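Working notes, beginning with the structure itself.
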Amino acid sequence: GARRGFDGAEALELEGWRHVYSGKVRDLYEPADAEPGRSETLLVVASDRISAYDHVLAPPIPDKGAILTQLTLWWFERLAEGCNGAAASPFEHHVVSTDVPEAVAGRAMVVKRLDMFPVECIARGYLTGSGLAEYRESGAVTGLPLPSGLVDGSRLDPAIFTPSAKAEVGEHDENITFEQMAERVGDEAAARLRHLTLDLYTRAEAIAREAGIILADTKVEFGVDPTTGQIVLGDEVLTPDSSRFWDADDVEPGRAPASFDKQFVRDWLTSEASGWDRASGGEPPALPADVVAKTRARYVEAYEKLTGRTFTP
Ligand code: ATP
Ligand code: MG
């Protein structure tokens, strides 16, 4: 299909791999010896690019790609735990190996190529962001009515499933109802994806809470393994880019905490100092060095708090 995203002009040349796609953050490659579009595997390289307000910003955040990749790998392992004894983990994931070209070591993984569902699966355990905006307009989020009187940062217990349609590049992903999702992926897959997403959120929320982090919401993407027909977890999972992490000490109803990672970037971009007029649609100015450094520190902090490991570049 049509390629969304960047032209990949800045994607590295990697021996043995052919560049096929670049999103806002990741560069995808397929084995150079495979027929284009038909390989069994892909190489997913997480860049250090950061986006905010639908713009990719400059300069990149050092080590961000490695942090996203290491955190994703850690979560894939954690999600598979606790499923022993029973059948296989419900969270079969797409990672095949981390044996990747030296130039992208630590920030890339070889994955099974999946037929991705054209929806983003979002679970929300707290009301904020686009969910809150929709609730204020209609009292519901993606068609799910919620009790009245909820405020920014209100807990949603049980968590709710609020799918969105993957938008073309430069456009916002659009919240859709469960019924609209079912029209896109079929009733059976829609029900399965909702179940998996809420189950994943519940497990991850508990793990994060133990580490002092509130997982307010998260977005995951699933695909079908064309060789087995199984629904498999793809993309990245439970990173600061795909989720809202809040400091557990900072949660106060009526005022949702600042986002863990992009707080400094957003604060600076919207400040007088940046001189950027968001409404103009123009490119944002380059981030100052201290904003880059503070943002990097936040990504490292999220990784270290969650995993209990020390991040070594
Ligand atoms: P955006 O720029 O809005 O983030 P994006 O989400 O498409 O666009 P990235 O996240 O940077 O871009 O790139 C990752 C892409 O790879 C996504 O389109 C995602 O759906 C796709 N993807 C992830 N895992 C797999 C997989 N196992 N098989 C096929 N495609 C995958
Ligand atoms: Mg993405």
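Atoms within a ligand are numbered from 1 in the order they appear, just like the ligands themselves. The first residue of the sequence shown is numbered 1, and numbering continues consecutively from there. Everything numeric in this text was worked out from a predicted model, so none of it was measured.
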Worksheet item: Going by the angle between their ring planes, with limits at 30° and 60°, are W276 and Y53 parallel, tilted or perpendicular?
Response: tilted
Worksheet item: Could K112 and E92 be called an ion pair, given the rule that one side-chain N must be under 4.0 Å from one carboxylate O?
Response: yes
Discussion item. Using a 4.0 Å cut-off to any heavy atom of E221, which atoms of ligand 1 qualify?
Written reply: 19 (C), 20 (O)
Worksheet item: Any Lys/Arg nitrogen of R49 or D27 sitting under 4.0 Å from an Asp/Glu carboxylate oxygen of the other?
Response: yes
Discussion item. Using heavy-atom distances only, which candidate in D235, V232, V96 approaches atom 22 (N) of ligand 1 most closely?
Written reply: D235
Practice prompt. Flag L114 as yes when one of its N or O atoms lies below 3.5 Å from any N or O atom of ligand 1, and as no otherwise.
Written response: yes
Item to complete: In plain terms, say whether R255 and D152 are close enough for a salt bridge, that is, a side-chain N and a carboxylate O under 4.0 Å apart.
Response: no
Worksheet item: Under 4.5 Å between any side-chain heavy atoms of R107 and V45, yes or no?
Response: yes
Practice prompt. Taking only heavy atoms of K24 into account, list the atoms of ligand 1 that are under 4.0 Å away from them.
Written response: 1 (P), 2 (O), 3 (O), 4 (O), 11 (O), 12 (O)
Worksheet item: Side chain, backbone, both or neither: which part of L28 comes within less than 4.0 Å of ligand 1 when only heavy atoms are counted?
Response: side chain
Practice prompt. Could you pull out the closest heavy-atom pair between K64 and D48, with the gap in Å?
Written response: N-OD1, 3.2 Å
Discussion item. Using the rule that Ile, Leu, Val, Met, Phe, Trp and Tyr join whenever any side-chain heavy atoms are under 4.5 Å apart, tell me whether L146 and V151 fall into a single cluster.
Written reply: no
Practice prompt. Could you tell me whether L42 approaches ligand 1 through its side chain, its backbone, both or neither, with non-hydrogen atoms closer than 4.0 Å?
Written response: side chain
Worksheet entry | Sub-4.0 Å atoms of ligand 1 with respect to non-hydrogen atoms of R113 | 28 (N)
Fill in: Where ligand 1 meets V111 - atom numbers and elements under 4.0 angstrom, heavy-atom basis
27 (N)
Worksheet item: For ligand 1, is there an N or O atom under 3.5 Å from any N or O atom of H94?
Response: yes
Discussion item. Regarding atom 18 (O) of ligand 1: of the candidates R49, E120, M116, K166, which has the closest heavy atom?
Written reply: K166
Worksheet item: Closest approach of P240 and A302, non-hydrogen atoms and distance?
Response: CG-CB, 4.0 Å
Practice prompt. May I ask you to list the atoms of ligand 1 that are less than 4.0 angstrom from any heavy atom of G23?
Written response: 2 (O), 9 (P), 11 (O), 12 (O)
